Amino acid sequence: SPATYTWTIGSPVDCDAANLTLTATADATVDESTPLDNFGNLTVVASTVRANTVLDAAACGGGLRNRGQLTLTGTIIEQNQAPNGAGLCSNVTLSLASTVVRSNTATAAAGGLLAESGGNANITGSTFRDNRAASDAAGIVNAAAMTIDASAVVKNMSTGIAGGIYNTGQLTVRSST
């Protein structure tokens with residue numbers, strides 16, 4: 001059976017990553033945690049996180065799980081699967097700039113991004129599109145303090161509440177579609 005790798009960034013480690021592609025093989029799935037689980041300070045630039053799957057029914061974050069400080073710039077998060085937050089799941093500090101979150105599938109809520117209560121997220125010049133969810137919002141589920149600026153949340157599909165954004169937190173949207 002192929003090996004499954006989990007990359008965990010532990011506190012108080014700082015890590016900068018650029019020009020990476022983090023992709024699961026056809027048989028590589030993760031049962032209990034996410035392929036990339038950040039507890040520290042992680043910056044990812046011009047990279048791709050693709051085709052990762054989390055099976056645990058309570059899990060969050062098919063592509064990336066953030067429990068520290070995560071900055072994504074010019075990065076693509078695509079084709080990941082998880083029960084919640086299939087592309088990204090964050091409960092602390094998240095910053096997205098010029099990032100595309102697309103074609104992720106949640107078997108429950110938040111195909112693109114789940115921003116959990118107690119955290120904050122700043123999204124600038126980014127796109128959430130073609131994400132799917134079985135319940136709450138296919139694009140973004142927000143329970144955090146979130147600002148979306150000059151971004152697009154388009155063509156997301158949920159069979160439950162809200163295709164684009166489902167907000168229970170503090171949300172500011174500027175110059176976005």
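These numbers come from a predicted model, not from an experiment.
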Quick one: closest heavy-atom pair of [X] and [Y], and the distance?
X	Y	result
Ala86	Ala106	CB-N, 3.8 Å
Gly164	Ala137	O-CB, 4.0 Å
Ala133	Ala110	CB-N, 3.9 Å
Ile165	Ile148	CD1-CD1, 3.9 Å
Gly62	Ala82	N-CB, 3.5 Å
Val54	Ala59	CG1-CB, 3.2 Å

Please, which pairs that meet disulfide (SG to SG under 2.5 Å) have at least one residue in [range], sequence neighbours excluded?
range	result
residues 91-132	none
residues 104-177	none
residues 136-177	none
residues 113-177	none

*Determine which pairs satisfy side chain to side chain donor-acceptor pair (under 3.5 Å) with at least one residue from residues 131-150, sequence neighbours left out, and list them in order.*
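Non-adjacent pairs meeting side chain to side chain donor-acceptor pair (under 3.5 Å): Asn104-Asn131, Asn131-Asn156, Asn142-Asn167.
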
Just to verify, what does [X] make a side-chain contact (heavy atoms from CB on, under 4.5 Å) with, not counting sequence neighbours?
X	value
Ser98	none
Ala150	none
Thr168	Ala143, Tyr166
Ala145	Asn120, Gln170

Are the side chains of [Y] and [X] in contact, using a 4.5 Å heavy-atom criterion?
X	Y	value
Val173	Val153	no
Ile123	Met146	yes
Ile76	Arg50	no
Gln81	Thr107	no

*Determine, using the 4.5 Å side-chain heavy-atom cutoff (strictly less than), whether Leu114 and Leu42 are members of one ILVMFWY cluster.*
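No, Leu114 and Leu42 fall in different hydrophobic clusters.
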
*Shared hydrophobic cluster for Phe128 and Val141 (ILVMFWY, side-chain gaps under 4.5 Å)*: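 Per the 4.5 Å side-chain linkage, Phe128 and Val141 are not co-clustered.
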
May I have the list of side-chain donor-acceptor pairs in residues 89-97 shorter than 3.5 Å, sequence neighbours left out?
{"unit_1": "Ser90", "atom_1": "OG", "unit_2": "Asn66", "atom_2": "ND2", "d": "3.0"}

_Measuring from atom CG of Leu113 to atom CD1 of Ile140, what distance do you get when rounded to the nearest 0.5 angstrom?_
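Leu113 atom CG to Ile140 atom CD1 measures 5.5 Å (nearest 0.5 Å).
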
*What pairs with Glu116 under salt bridge (charged side-chain N to carboxylate O under 4.0 Å, His left out), at least two apart in sequence or on another chain?*
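Checked Glu116 against salt bridge (charged side-chain N to carboxylate O under 4.0 Å, His left out); matches are Arg65.
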
*Can you name the salt bridge (charged side-chain N to carboxylate O under 4.0 Å, His left out) partners of Arg129, sequence neighbours left out?*
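Per chain and number, Arg129 pairs via salt bridge (charged side-chain N to carboxylate O under 4.0 Å, His left out) with no residue.
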
*Between the main-chain N or O of Gly125 and the side-chain N or O of Ser151, is there a donor-acceptor pair closer than 3.5 Å?*
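Yes.
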
*Chi angles and distances behind the side chain to side chain contact (heavy atoms under 4.5 Å, CB included) call for Leu72, Val49*: CA-CA 11 Å; Leu72 301 174; Val49 178; over 6 Å; no

